A.B. asks: 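The structure follows.
To find a chain, count down the sequence lines: A is the first, B the second, and so on, and within it residues start at 1. Predicted model, so just to flag it, every value in this text is computed and none were measured.
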Amino acid sequence: MKYTVTDKGYYGQFGGAYIPEMLYPNVEELRSNYLQIMYEEEFQKEFNELLKDFVGRPTPLYFATRLSERYATRIYLKREDLCHTGAHKINNTIGQILLAKRLGKKKIIAETGAGQHGVATATVCALMGMECTVYMGKHDMERQRPNVERMRILGTTVVPVLSGSMTLKDATNEAMRHWINHPVDTHYIIGSVVGPHPYPDIVARFQSVISKEMKEQLIEAEGNPFPDYVIACVGGGSNAAGAFYHYLEAEHVNLVGVEAAGKGVQSGQSAATTVLGKPGILHGSKTLLMQTEDGQVVEPYSISAGLDYPGIGPMHAHLFDVGRVQFLSATDDEAMEAGIELSRMEGIIPAIETAHALAMLKKMEFDRDDVVVINLSGRGDKDLETYIKWGKY
Amino acid sequence: MSIHNRVKDLFGQQRHELLSVFYTAGFPRLEDTPRIAGLLERSGVDMIEIGIPFSDPIADGPVIQESNTIALGNGMTVKKLLEQVREIRKTVKIPIVLMGYLNPVVQYGIESFCRDAANAGVDGLILPDMPAEEYRRAYRKFFDENNLTITFLISPTTSPERIRQIDEATNGFIYAVSSSSTTGAKLSFSKEQEDYFEEIRKMKLKNPFMIGFGISNRETFSLACLHGSGAIVGSAFISLLRTSTDFEKDILKFVTNLKGKSNE
């Protein structure tokens, strides 16, 4: 297993657990227990049943006929947008809340940017009857009001974060501070493949159900579990981690991560971390990070609230470093156009995060008999305001 | 670089009632750092901890967070801080420890940072998000080469075995965090906290320990001194700097109030 995490929590030079001592017992408790708990038969049974009956898995692998004709190739969409709550995020929150219960935790905290992970966390907390607090940047709360109300309806307390730039990075800081102050009874459900070890590995494993299903479905559809391309958008990188996971060792499968270029990679308003970042330490791990020369974290920009994170998960930083995953980017406009295109041609309005992955159809070249799987990580209902404001449809 | 390390000298001479004061570099105004250090020494403080501002201080409560934001807004950088320490060292003789998050230090380059900090007159470093394992593996040699002390933190949730390991990795002093919390002033300690301090004392560690987080007044300072070698005051002092219009008068009063007497 060349690309998965080492015992010490590293992916090549990236990863680790760079945390203040006050967080050490919490993180260590998780580290020393997570694998054992996750692979218990009882745990797997409960997890898989909930994925099936509550989330609605397996999600379809849909052959996009009209899109395939237009781009003269074979395009499949992995329909994570059909998961309960509208995105892949719930695969991880279901897994983590079961983990939290087995660790005897009574309360759950989470951070959220666009609100998708917050809603997915609020949902599983309602399901399990656990108290839930979600930290969300004040600026994001204003941008994503429907998701704030969704969380509140589900019984979650949404705490506005007023520090820093009042977005995802600051919400993550605040959730970590809460965890420092409540070490014993609280589990922190991180929503992406970021944070101190073992979080990136926990989230990647729970999301890996995506590529596990893809393989089975491709055998059915194409007689071969291995596509030529898997394409997924990358903010922190949880849906990409899940879509790539079971293909990492299959070197002939081209894996493509798509970052948000914002108004252009070099415009000063971008979130293309693999181009603009360098190795640094944030939120407990060493990874590629957008930062000033003096090591201060830079606030990224994207039209999509789910992609404007200044780093990427350490696993992705490593996959980029060793060239296993090709990282490309889409601008705001390219993504919005791709979102409208999918709506018009296939009857699916995608999340704007996801639209960044779809934008690669125009930017890459495929052979007619290539099998191209795009991870359709979320649906676009939450982004209606942004679509309306963009207006070109 | 001096042959003597002022942190080691201090704890070699005295291991009780020590007062260390923390403040953020470049706060409230960019050029305040040296002046505050001078006034702290004159007021009778035993050691100074200067914070390297960072954009994402996850272990800090609101008061220190805000001071970081203001300092960065003022244009504070690591390079600027080292120049200010050089300035401070023209007059100030007490130990100076820099405290900050790992990323700005790593971007500066850990080897050059240790060298430049020692040359400027820094005696030790506290980097709360640096894992002890990483320190031993990759960084220790630069600390040793430059005669810099390293301080690790322990908290009430740190196990006794781990306290022993941290004691092994530390040289200078251990920073005992008073409660499992982010930084911030509190008015008193609970029975559990006192028991925890007493447990550490009984462990007879090789390093002295200073108690920090939640020290804000004479009561908490005295209690901390009953168990440890002294205490570290941060948020309460930053709050004072935020509102003070007369540093000279207010800093002296603050320190005198804490210690119950002036060392002048």
A.B. asks: Sort A:L289 into side chain, backbone, both or neither according to what part of it lies under 4.5 angstrom from a heavy atom of chain B.
C.D. replies: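 Side chain of A:L289 only, per the 4.5 Å heavy-atom cut-off to chain B.
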A.B. asks: List for me each residue that meets side chain to side chain contact (heavy atoms under 4.5 Å, CB included) alongside A:V275, sequence neighbours excluded, and say none if there are none.
C.D. replies: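 Counting only residues at least two positions away or on another chain, A:V275 forms a side chain to side chain contact (heavy atoms under 4.5 Å, CB included) with A:V265, A:Q266, A:A272.
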A.B. asks: Identify the two heavy atoms, one from B:F54 and one from A:I281, that lie closest to each other, and give their separation to 0.1 Å.
C.D. replies: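 Nearest heavy atoms, B:F54 then A:I281: CZ-O, 4.2 Å.
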A.B. asks: Who among B:P156, B:P57, B:A132 has the most heavy-atom pairs with chain A under 4.5 Å?
C.D. replies: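 Most heavy-atom pairs under 4.5 Å with chain A: B:P57.
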A.B. asks: Sort B:V78 into side chain, backbone, both or neither according to what part of it lies under 4.5 angstrom from a heavy atom of chain A.
C.D. replies: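 It is both, since atoms from each part get that close.
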A.B. asks: Side chain from CB out, backbone as N, CA, C, O: work out which of these in A:A17 comes under 4.5 Å of a heavy atom of chain B, or both, or neither.
C.D. replies: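 Just its backbone gets close to chain B.
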A.B. asks: Relative to chain A, which of B:L127, B:V106, B:L72 shows the most heavy atom pairs under 4.5 Å?
C.D. replies: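 Greatest number of close heavy-atom pairs with chain A: B:L72.
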A.B. asks: If you compare all heavy atoms of A:I180 against all heavy atoms of B:A59, which two are closest, and at what distance to 0.1 Å?
C.D. replies: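 Reported closest heavy-atom pair: CD1-CA, 4.0 Å.
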A.B. asks: Between chain A and chain B, identify every pair of one donor and one acceptor N or O atom lying under 3.5 Å apart.
C.D. replies:
from: A:Y10; atom 1: OH; to: B:E134; atom 2: OE1; distance (Å): 3.3
from: A:Y18; atom 1: OH; to: B:E134; atom 2: OE2; distance (Å): 3.1
from: A:E21; atom 1: OE1; to: B:R162; atom 2: NE; distance (Å): 3.3
from: A:E21; atom 1: OE1; to: B:R162; atom 2: NH2; distance (Å): 2.8
from: A:E21; atom 1: OE2; to: B:T158; atom 2: OG1; distance (Å): 3.3
from: A:E21; atom 1: OE2; to: B:R162; atom 2: NE; distance (Å): 2.8
from: A:Y24; atom 1: OH; to: B:R162; atom 2: NH1; distance (Å): 3.3
from: A:K169; atom 1: NZ; to: B:D56; atom 2: OD1; distance (Å): 3.1
from: A:K169; atom 1: NZ; to: B:D56; atom 2: OD2; distance (Å): 2.8
from: A:N173; atom 1: ND2; to: B:D56; atom 2: OD2; distance (Å): 2.8
from: A:R177; atom 1: NE; to: B:P57; atom 2: O; distance (Å): 3.3
from: A:R177; atom 1: NE; to: B:D60; atom 2: O; distance (Å): 2.9
from: A:R177; atom 1: NH1; to: B:Q65; atom 2: OE1; distance (Å): 3.4
from: A:R177; atom 1: NH2; to: B:P57; atom 2: O; distance (Å): 2.8
from: A:I180; atom 1: O; to: B:S180; atom 2: OG; distance (Å): 2.9
from: A:N181; atom 1: OD1; to: B:T182; atom 2: N; distance (Å): 3.2
from: A:N181; atom 1: ND2; to: B:T182; atom 2: OG1; distance (Å): 3.0
from: A:P279; atom 1: O; to: B:Q107; atom 2: NE2; distance (Å): 2.9
from: A:I281; atom 1: N; to: B:N103; atom 2: OD1; distance (Å): 2.9
from: A:Q291; atom 1: OE1; to: B:N103; atom 2: ND2; distance (Å): 2.9
from: A:Q291; atom 1: OE1; to: B:Q107; atom 2: NE2; distance (Å): 3.2
from: A:D294; atom 1: OD1; to: B:V78; atom 2: N; distance (Å): 3.4
from: A:D294; atom 1: OD2; to: B:V78; atom 2: N; distance (Å): 3.3
from: A:G295; atom 1: O; to: B:N103; atom 2: ND2; distance (Å): 3.0
from: A:Q296; atom 1: OE1; to: B:S55; atom 2: N; distance (Å): 2.8
from: A:Q296; atom 1: NE2; to: B:P53; atom 2: O; distance (Å): 3.1
from: A:V297; atom 1: N; to: B:S55; atom 2: OG; distance (Å): 2.9

A.B. asks: With a 4.5 angstrom heavy-atom cut-off, could you sort out which part of A:P196 is near chain B: side chain, backbone, both or neither?
C.D. replies: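 Neither the backbone nor the side chain of A:P196 comes within 4.5 Å of chain B.
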